[in-house]
Amino acid sequence: MKLNFILQMSISTSKTSLVLFLCQIISALDVPLDLSQPPTITQQSPKDYIVDPRENIVIQCEAKGKPPPSFSWTRNGTHFDIDKDAQVTMKPNSGTLVINIMNGGKAEAYEGVYQCTARNERGAAISNNIVIRPSRSPLWTKEKLEPNHVREGDSLVLHCRPPVGLPPPIIFWMDNAFQRLPQSERVSQGLNGDLYFSNVQPEDTREDYICYARFNHTQTIQQKQPISVKVFSMDSLNDTIAANLSDTDIYGAKPVTERQPVLLTPTGSTSTKVELRGNVLLLECIAAGLPTPVIRWIKEGGELPANRTFFENFKKTLKIIDVSEADSGNYKCIARNALGSVHHVISVTVKAAPYWITAPRNLVLSPGEDGTLICRANGNPKPSISWLANGVPIAIAPEDPSRKVDGDTIIFSHVQERSSAVYQCNASNEYGYLLANAFVNVLAEPPRILTPANKLYQVIADSPALLDCAYFGSPKPEIEWFKGVKGSILRGNEYVFHDNGTLEIPVAQKNNAGTYTCVARNELGKIQNEVQLEIKDPTMIIKQPEYKVIQRYGQVSFECIIKHDSTLLPTVTWLKDNDELPDDERFLVGKDNLTIMNVTDKDDGTYTCIVNTTLDSVSASAVLTVVAAPPTPAIIYARPNPPFDLELTGQLERSIDLSWIPGDENNSPITSFVIEFEDALHEPGVWRYQTEVPGSQTTAQLKLSPYVNYSFRVIAVNRIGRSQPSEPSEQYLTKSASPDENPANVQGIGSEPDNLVITWEPLKGFQSNGPGLQYKVSWRQKDVDDEWTSVIVANVSKYIVSGTPTFVPYEVKVQALNDLGYAPEPSEVIGHSGEDLPMVAPGNVQVHVINSTLAKVHWDPVPLKSVRGHLQGYKIYYWKILTFRGNKTFGMLPGLEPYSSYKLNVRVVNGKGEGPASPDKVFKTPEGVPSSPSFLKITNPTLDSLTLEWGSPTHPNGVLTSYTLKFQPINNTHELGPLVEIRIPANESSLILKNLNYSTRYKFYFNAQTSVGSGSQITEEAVTIMDEAGILRPAVGAGKVQPLYPRIRNVTTAAAETYANISWEYEGPDHANFYVEYGVAGSKEDWKKEIVNGSRSFFVLKGLTPGTAYKVRVGAEGLSGFRSSEDVFETGPAMASRQVDIATQGWFIGLMCAVALLILILLIVCFIRRNKGGKYPVKEKEDAHADPEIQPMKEDDGTFGEYSDAEDHKPLKKGSRTPSDRTVKKEDSDDSLVDYGEGVNGQFNEDGSFIGQYSGKKEKEPAEGNESSEAPSPVNAMNSFV
């Protein structure tokens, strides 16, 4: 606890000043008590006041005013003469009544509605209507309770029916031993106090179900008579029946049967519920059924509100806190088990008692001034507004010519001193009322300054300084600040001037020290006050304590050398583990060090040096680790066990005491305890850090926030690590209070030209401090003598102000409030209303061309007022768009095309978009070097000449003046010959080079020129041809170049229906790579190209169209432009058409009949010979070899390949047989050839093999491996047999 005191004493000046500043904002609104003022009610009893009938009744009514007010009371609407009642007294100088009940008075006699009036010569203020009702705790009515006999599995309801008390009692069920009856999903208590059984079980049998009613006001508990429940199980019931029946009787109780859910409460399928705004909504569904039903809740057409929805009583109760109109709707509960489901819809309507939007506030005016009182409230239904003057309805109050009532507003014009009065605003509907007092005090007072003269302020450098000038006057004085006695008035961004007169220097420096003068003036006078400001150097620890490891029984020293302002007196305090040093003579505290003699294990820990002055505080820490001097046996160290037995005591509104018992430290001392809390009201299940205390403590006083349902847990920490958390403590709900803080990150940014969007980060649930969290949003235009405009909104994060001027600065502030009051006055931030498009284009646009690809643009900036938004930069539009950030006046244009004309304009850009374009500016770029020629093609090679053709450059970048051609010969080893250069006029597009060496390769270099220079070049290679006889002519002047003589000749083709074999002869260098080009003869389509594998001199073209003429040529890769002459061939006609033609001929039909007859004769002969025991030679072969693949012909097989003719008694070779699926396997090379003729008269298989087995010539045995890739058709097979 002393540690907390030390830390509290070290609060910095800035924080102290800020607290003082906020206090002064509040006090500046009050009229000094030495001035005349109407009464103000400062304290009163609650509207609904339930009192204990055994104690004296105290009805509070306190007020202030000048002169001090007198008090009177009404009871039930008539004057209450307290002098005539000996039991009633009024406290001196107060309106509080004391009704003496303890000396013979009866509380029931004083039941009624009371209202207090406080009155002086300037007006009368009234209190709320205070309804006094004594609490009641009546006895239970006697009733005869019959025992409940229930069959196992049935449902049961035990009714409580407590007596009607004031306030209603709290119900709970216990047994005779005062132990609470266990509850579960099957057994639970309803909101009406009844005990519901979804299905009873044998263990529910007992005779002491007792309902208790606790009346908190009188601290009494009433008990209902015990209720008996007897559950009969099916087994026992059957045994009982069997014992009472003869053997001849057949009877048995039905077994326990499962049942689908049925609702016990509420009844029916729908019901309604009305709840008031801000209250807690409780909806309940309890169902019977076996198995026990499970309850689920949904909201029809929406979601259950997050963070405000809770499920209680095993999800049978839906609880929504702080309800609002948005929570109206249909809520459905669904009870479900394995046999089915049932549901009930509760239609919820949320009404609202009146609540303030703008409550009237006291008004201080000088004679002749104007003002308004505003009273705005909302509710459901909409509340009616009525005004009273000095407690009398304004319609019958004395007339005041300066007063005009306009609905919820009273307008005062040219007030006089007699206009002073207290006005009451009453907002009421059927669910309640609001009453507010606000006085109009007409005073003519010269300024007065309430801050003491020559007050001294001391601030640490680089901290904020707040100089107070609390004031009062009527009319309201104007405040000005000066530095020095004859200094000039303070202005500028260096200072912040607050409405309460305070001068703020956000970052005070040494040069800000001195005398400051505050001047307050109004039309009645002027007054000034001087204050002094001193700036002090910050306190620093220039040598901090360092980490130490020391052996047991040794000596250790920590240093703490400080530097401070010479006028401040520092105090140095040493702590161990954030607590005072042990009271031990071994600890020696010096001027700038701490020494520990004869160190023990208990000295292990963290040592902190704290330096405090009256203005600031600094600290530094170091860890001391104590180790054993001699080696010791190994000890098992582990994390500590969790603390246990948590207990809460000393419950206060803002603090509570927590105690616990530590768990086992496991050979490593506990260094600290970490305390965490859970807020079950706002963030259930989330644990947050609360505080940390030294390991020597087992109690802690914890600071609490209002309106939080606290649970605590403790974690022990040692050098090994952290323990598991303890079990949570019991819950503690703190009382509500007004908010302590305001929303953060307040911003004002417009989204449209005529609005201002004010946003903020809403307070979290535990920061609200109470129900009904709202925000007061205020704004006014900056640098304009304008009043604040305010609106109160719900718990949202945004408010949009409409109808604002375009892009003007606004002062914005957001203040939190709840049902108990407002948070402290918030600070102001500067925002801007929405932007609009800029109105003015940049002027005086100038372009300076730097070179052919770069230019620089200059322009005059637009006036900032015409930007109508945040200036983001400028955009230059030409063939593309360039953006320049910030308020620039020039930009570079890269990537221009030489010798081109451009047009550009400049536009200013803000957050909304672009402004109008400047007038177009035209400029031209100078010439540059051209790009390379678009192509270079070499054609028509002869023995000694080549023809060159080219295209002009794609980008001339100027006027072409000429072309340059360079060329030189190349031999097989890529050696270059002499280089020849030719200049060609710019208007030429072709050139014939003559007198070249035949059969020679040349390399050409070609580029274009403008007046600026030469462009990039394009290269190409070509070869002159050799003479027709193939005899080389001697090269003249060719140097080392050797002629080349490749040649492809005798290109021949052999075509089938869909493929063709191509062969050729080649003369030339070894290792040439060939390709075949082909296409449809006479077509203009591009040649198709096929690469030949290896150095073969044949290739098969596949996928050809039957009956089509093709052109073909062969070339060698790597030999530029060298290929054979073209050859033309034609594929054979489609085979399918020939088959159709033969099959429809009469001669063919007759031939087929003859063949069939011949086959029949052969079969008869074979049958006769078989019966005689003869064998065919073929049969002998079959018997000898028993080849499994050679089987007799089947009748349904259409082939005759199993037997050869009479000349050769051998079975066909394996590859020549046609399988039963009529396919032939492909096994040989695609490029194989046979010894048959060439040309289209011969036929080739697709793999290149010749088909000659079935021609009209002498048959040959098929060459092995050259079988067809397709099975022959039945017609072809028959032709081959004949």
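For the numbers below, each heavy atom of this structure counts, side chains included, while hydrogens, waters and symmetry mates do not.
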Among Thr759, Val793, Ile758, Val829, the one residue meeting side-chain contact (heavy atoms from CB on, under 4.5 Å) with Val814: Ile758
Side chains of [X] and [Y] in contact at under 4.5 Å (non-hydrogen atoms):
{"X": "Leu373", "Y": "Cys375", "result": "no"}
{"X": "Asn128", "Y": "Tyr433", "result": "yes"}
{"X": "Glu369", "Y": "Pro475", "result": "yes"}
{"X": "Ser488", "Y": "Phe482", "result": "no"}
{"X": "Val867", "Y": "Val862", "result": "yes"}
{"X": "Ile394", "Y": "Ile410", "result": "yes"}
{"X": "Pro447", "Y": "Tyr471", "result": "no"}
{"X": "Ile489", "Y": "Trp481", "result": "no"}

Option passing ring-ring contact (aromatic ring centres under 6.0 Å, His included) with Tyr874 (candidates Phe890, Phe884, Trp859): Trp859
Between [X] and [Y], which heavy-atom pair has the shortest distance, and what is it?
{"X": "Asn120", "Y": "Gln37", "result": "ND2-O, 3.0 Å"}
{"X": "Leu756", "Y": "Ile749", "result": "CD1-N, 3.9 Å"}
{"X": "Leu773", "Y": "Ala816", "result": "CD1-CB, 4.4 Å"}
{"X": "Pro367", "Y": "Ala444", "result": "CD-CB, 3.8 Å"}
{"X": "Leu490", "Y": "Phe497", "result": "O-CZ, 3.2 Å"}
{"X": "Thr806", "Y": "Glu835", "result": "CG2-C, 4.2 Å"}

Axial cation check for Tyr355 ring with Arg277, 6.0 Å and 45° limits: yes
If you round to the nearest 0.5 Å, how far is [atom2] of [Y] from [atom1] of [X]?
{"X": "Asn500", "Y": "Thr451", "atom1": "CG", "atom2": "OG1", "answer": "9.0 Å"}
{"X": "Ile535", "Y": "Tyr457", "atom1": "CD1", "atom2": "OH", "answer": "13.0 Å"}
{"X": "Leu871", "Y": "Arg885", "atom1": "CG", "atom2": "CZ", "answer": "10.5 Å"}
{"X": "Leu467", "Y": "Leu503", "atom1": "CG", "atom2": "CG", "answer": "5.0 Å"}
{"X": "Leu388", "Y": "Tyr423", "atom1": "CG", "atom2": "OH", "answer": "11.5 Å"}
{"X": "Ser736", "Y": "Asn769", "atom1": "OG", "atom2": "CG", "answer": "8.5 Å"}

Ignoring hydrogens and geometry, is there a side-chain-to-backbone donor-acceptor pair from [X] to [Y] under 3.5 Å?
{"X": "Gln424", "Y": "Ala124", "result": "yes"}
{"X": "Asn441", "Y": "Ser36", "result": "yes"}
{"X": "Asn454", "Y": "Gln532", "result": "no"}
{"X": "Ser833", "Y": "Val808", "result": "yes"}
{"X": "Asp370", "Y": "His414", "result": "yes"}
{"X": "Ser918", "Y": "Val906", "result": "yes"}
{"X": "Asn429", "Y": "Ala353", "result": "no"}
{"X": "Asn755", "Y": "Val801", "result": "no"}
{"X": "Asn522", "Y": "Leu524", "result": "yes"}
{"X": "Arg122", "Y": "Val442", "result": "yes"}

Derivation of the side chain to side chain contact (heavy atoms under 4.5 Å, CB included) call for Glu825 and Asp499: CA-CA 11 Å; Glu825 186 69 20; Asp499 289 342; over 6 Å; no
Verify the neighbour count for atom [atom1] of [X]: are there more than 12 heavy atoms of other residues, nucleotides or ligands below 6.0 Å?
{"X": "Arg119", "atom1": "CZ", "answer": "no"}
{"X": "Lys865", "atom1": "NZ", "answer": "no"}
{"X": "Glu478", "atom1": "CD", "answer": "no"}
{"X": "Lys404", "atom1": "NZ", "answer": "no"}

Partner set under side-chain hydrogen bond (donor to acceptor under 3.5 Å, both in side chains) for Asp462, not counting sequence neighbours: Gln509
Intermediate values then yes/no, ring-ring contact (aromatic ring centres under 6.0 Å, His included), Tyr516 and Tyr495: CA-CA 13 Å; Tyr516 288 81; Tyr495 305 98; 7.2 Å; no
Chi angles and distances behind the salt bridge (Lys or Arg N to Asp or Glu O under 4.0 Å) call for Arg780, Asp786: CA-CA 6 Å; Arg780 68 178 178 186; Asp786 197 4; over 6 Å; no
Worked check of side chain to side chain contact (heavy atoms under 4.5 Å, CB included) between Val908 and Val840: CA-CA 8 Å; Val908 67; Val840 178; over 6 Å; no
Test salt bridge (Lys or Arg N to Asp or Glu O under 4.0 Å) applied to Glu741 and Lys764, step by step: CA-CA 11 Å; Glu741 54 188 305; Lys764 298 186 183 300; over 6 Å; no
Distance-only polar pair, side chains of Ser790 and Ser778, donor-acceptor under 3.5 Å: yes
Residues Lys912, His870; criterion side chain to side chain contact (heavy atoms under 4.5 Å, CB included); working and verdict: CA-CA 9 Å; Lys912 188 72 174 178; His870 295 286; over 6 Å; no
Steps toward side chain to side chain contact (heavy atoms under 4.5 Å, CB included) verdict (Leu35, Arg448): CA-CA 12 Å; Leu35 296 178; Arg448 60 171 69 182; 3.3 Å; yes
